[in-house]
2 protein chains.
Amino acid sequence: MSLEFNDSQPIYRQLRDRVIAMILDGVLKEGDPLPSVRNVAAEFRVNPLTVLKSYQQLVDEKLVESRRGLGMFINAGARDLLLQGERQKFLQEEWPRISANIQRLGLTPDELLKAAKGVKKP
Amino acid sequence: MSLEFNDSQPIYRQLRDRVIAMILDGVLKEGDPLPSVRNVAAEFRVNPLTVLKSYQQLVDEKLVESRRGLGMFINAGARDLLLQGERQKFLQEEWPRISANIQRLGLTPDELLKAAKGVKKP
DNA sequence: TGTAGTGTTATAGTTAACTATAACAGCTAG
DNA sequence: CTAGCTGTTATAGTTAACTATAACACTACA
């Protein structure tokens, strides 16, 4: 595992997004523990405080709960909360800028499909 | 004019993106001068050095040329350079993450169209 | 010539993000 | 109780981004 980081956003926000993706993808289910602060820090060769900061964001968003001595756990209802919140956030704050960009660059649906994450038929 | 800034990226990069958008949109054509460092700084209530930094990025990318005492001017071929470079950059570095996100959130083409920048038929 | 507009550099200070290192606090399995 | 895993806090230092203020260098134009 080496998943690199983008310099377009602070690491702690990228870590947060990664957990959120895992929840939405069902990799992490409600009640599951997050990978421990120290483990993640070691895995990505990052400072434990940076990981902690990303996890505390998730706590602030009511998505996970922290139990001292035990770990951080995904709250009940976290996925639903996300499907509401993140959808709105994406549609209102990110997508308008992105779609404007796509038009500007004259990108076609075909090109976009080919460049999408998982190419359906290789 | 008050166009606000996003906290997801440094201001100087957002300013750079704004100029690039203007070039792609044809608002700024080759040979045209960019709005002056001081003007932009005043307009967005931002430090002149921040604006300068964004402009110097554009110089590094061979998109504009600086003539001391005169201003900064858009290079010949800038638009073509962009249509090549930015397309690749977008398709390779941004779009995969974005399309994964769209799938994850279960967003439909219909919702995306409605939320796009310019709503075609209101 | 001088003035007003350009880009550019210098100095210096604040804040946020990240880092290293270490210790503290709580839980559980042996 | 101890060892080993959790989260958490403390201290302190580096770097990038941004800010304020000022001066310098160059060009066009009246």
Side-chain angles (χ1 to χ4, degrees), chain A residues 2-20 22-23 28-75 78, chain B residues 2-20 22-23 28-75 78:
Chain A
S2 70
L3 184 24
E4 251 91 54
F5 293 104
N6 206 322
D7 67 336
S8 72
Q9 255 189 320
I11 294 176
Y12 76 93
R13 234 179 289 178
Q14 293 182 52
L15 285 172
R16 170 199 167 273
D17 289 346
R18 187 171 165 273
V19 173
I20 284 180
M22 289 198 290
I23 295 176
L28 289 176
K29 299 185 200 311
E30 317 194 340
D32 285 357
L34 300 189
S36 90
V37 168
R38 284 175 178 83
N39 276 355
V40 175
E43 178 177 356
F44 297 113
R45 316 195 65 192
V46 141
N47 195 286
L49 287 187
T50 305
V51 181
L52 182 63
K53 185 169 185 178
S54 75
Y55 278 13
Q56 278 173 338
Q57 289 233 322
L58 296 167
V59 173
D60 291 344
E61 297 176 66
K62 316 280 190 199
L63 292 171
V64 314
E65 193 187 48
S66 156
R67 288 186 235 156
R68 204 184 185 117
L70 286 175
M72 319 256 317
F73 298 84
I74 303 195
N75 277 338
Chain B
S2 70
L3 184 23
E4 251 91 54
F5 293 104
N6 206 323
D7 66 336
S8 73
Q9 256 189 320
I11 293 176
Y12 76 92
R13 234 178 289 178
Q14 293 182 53
L15 285 173
R16 170 198 167 274
D17 289 346
R18 188 171 164 272
V19 173
I20 284 179
M22 289 198 290
I23 294 177
L28 289 176
K29 299 186 200 311
E30 316 194 340
D32 285 357
L34 300 190
S36 90
V37 168
R38 283 175 179 82
N39 277 354
V40 175
E43 178 178 355
F44 296 114
R45 317 195 65 193
V46 141
N47 195 286
L49 287 186
T50 304
V51 181
L52 182 62
K53 186 168 184 178
S54 75
Y55 278 14
Q56 278 174 339
Q57 289 232 322
L58 295 168
V59 173
D60 291 343
E61 297 176 67
K62 315 279 190 198
L63 293 171
V64 315
E65 192 186 49
S66 156
R67 287 187 236 154
R68 202 184 185 117
L70 287 175
M72 319 257 314
F73 298 85
I74 303 197
N75 277 338

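Each chain gets a letter, A, B and so on, in the order its sequence line appears, and its residues count up from 1. Side chains are part of it too, since the values below use all heavy atoms of this structure and drop only hydrogens, waters and symmetry mates.
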- [ ] Between D/dA17, C/dT19, C/dT9, spot the one nearest the side chain of A/Asn47, thanks.
- [x] C/dT19
Task: N or O in side chain of B/Thr50 less than 4.0 angstrom from D/dT19 OP1/OP2 - done: yes
- [ ] May I ask you to verify if any side-chain N or O of A/Tyr55 is less than 4.0 angstrom from the OP1 or OP2 atom of D/dG7?
- [x] no
- [ ] Determine: side-chain N/O of A/Asn39 to OP1/OP2 of D/dC5, distance under 4.0 Å, yes or no.
- [x] no
TODO: Figure out the CE/C1' separation between A/Met72 and D/dT6, and round it to whole Å.
DONE: 11 Å
TODO: Measure distances between side-chain N and O atoms of B/Arg67 and base N and O atoms of C/dG7, and say whether any donor-acceptor pair falls under 3.5 Å.
DONE: no
Task: Whole-Å gap separating P (C/dG7) and CZ (B/Arg68) - done: 11 Å
Open item on the list: Does A/Asp7 reach a base, just sugar-phosphate, or nothing at all? Heavy atoms under 4.0 Å.
Closed with: nothing
TODO: Determine whether B/Ile74 and B/Leu28 make a side-chain contact, defined as any pair of heavy atoms from C-beta on separated by less than 4.5 Å.
DONE: yes
Task: Interatomic distance, A/Ile11 CD1 vs C/dA20 C1' [rounded to whole Å] - done: 15 Å
Open item on the list: Between P on C/dA17 and CZ on A/Arg13, what's the gap in Å once rounded to a whole number?
Closed with: 7 Å
Open item on the list: As a test of reading the structure: which of C/dT6, C/dT28, D/dG7 is closest to the side chain of A/Leu70, going by heavy atoms?
Closed with: C/dT28
- [ ] Rounded to the nearest angstrom, tell me the gap between atom CG in B/Leu15 and atom P in D/dC18.
- [x] 9 Å
Open item on the list: Would you say that B/Arg67 contacts B/Glu65 through its side chain, given a criterion of any heavy-atom pair below 4.5 Å between the two side chains?
Closed with: yes
TODO: Using only side-chain N and O atoms of A/Lys53, determine if any of them is under 4.0 Å from OP1 or OP2 of C/dC18.
DONE: no
Task: Closest listed nucleotide, where the reference is the side chain of A/Leu49 and the choices are C/dT8, D/dA10, D/dT6 - done: D/dA10
Open item on the list: Side chain of B/Ser66, heavy atoms from C-beta onward: which of C/dG7, C/dT21, D/dG7 has the nearest atom to it?
Closed with: C/dG7
- [ ] For D/dC5, take OP1 and OP2 only and decide whether either is under 4.0 Å from a side-chain N or O of A/Ser36.
- [x] no
Task: pair B/Arg18-B/Phe44: side-chain heavy atoms closer than 4.5 Å - done: yes
TODO: Determine whether A/Gln57 and A/Ser54 make a side-chain contact, defined as any pair of heavy atoms from C-beta on separated by less than 4.5 Å.
DONE: no
Task: Side chain of B/Gln56 - closest among C/dA20, C/dT8, D/dT6 - done: C/dT8
Open item on the list: Quick check: do A/Ile20 and A/Leu58 have side-chain heavy atoms less than 4.5 Å from each other?
Closed with: yes
TODO: Begin from the C-alpha positions of A/Met22 and A/Leu34 and carry the test side chain to side chain contact (heavy atoms under 4.5 Å, CB included) through to its verdict.
DONE: CA-CA 10 Å; A/Met22 289 198 290; A/Leu34 300 189; over 6 Å; no
Open item on the list: Rounded to whole Å, please give me the gap between CD in A/Gln57 and C1' in D/dT8.
Closed with: 17 Å
TODO: Using heavy atoms to find the nearest nucleotide of DNA chain C for A/Gln9 and A/Gly69 separately, return the residue whose nucleotide is more 5′.
DONE: A/Gln9
Open item on the list: Nearest to the A/Val46 side chain among D/dA17, C/dT19, D/dG7, which nucleotide is it?
Closed with: C/dT19
TODO: Would you mind reading off the distance between A/Glu65 atom CD and D/dT8 atom P, rounded to a whole angstrom?
DONE: 11 Å
Open item on the list: So, does B/Tyr12 get its side chain near the phosphate of D/dA17, meaning an N or O under 4.0 Å from OP1 or OP2?
Closed with: yes
TODO: May I have the distance from A/Arg45 (atom CZ) to C/dT19 (atom C1'), rounded to whole angstrom?
DONE: 13 Å
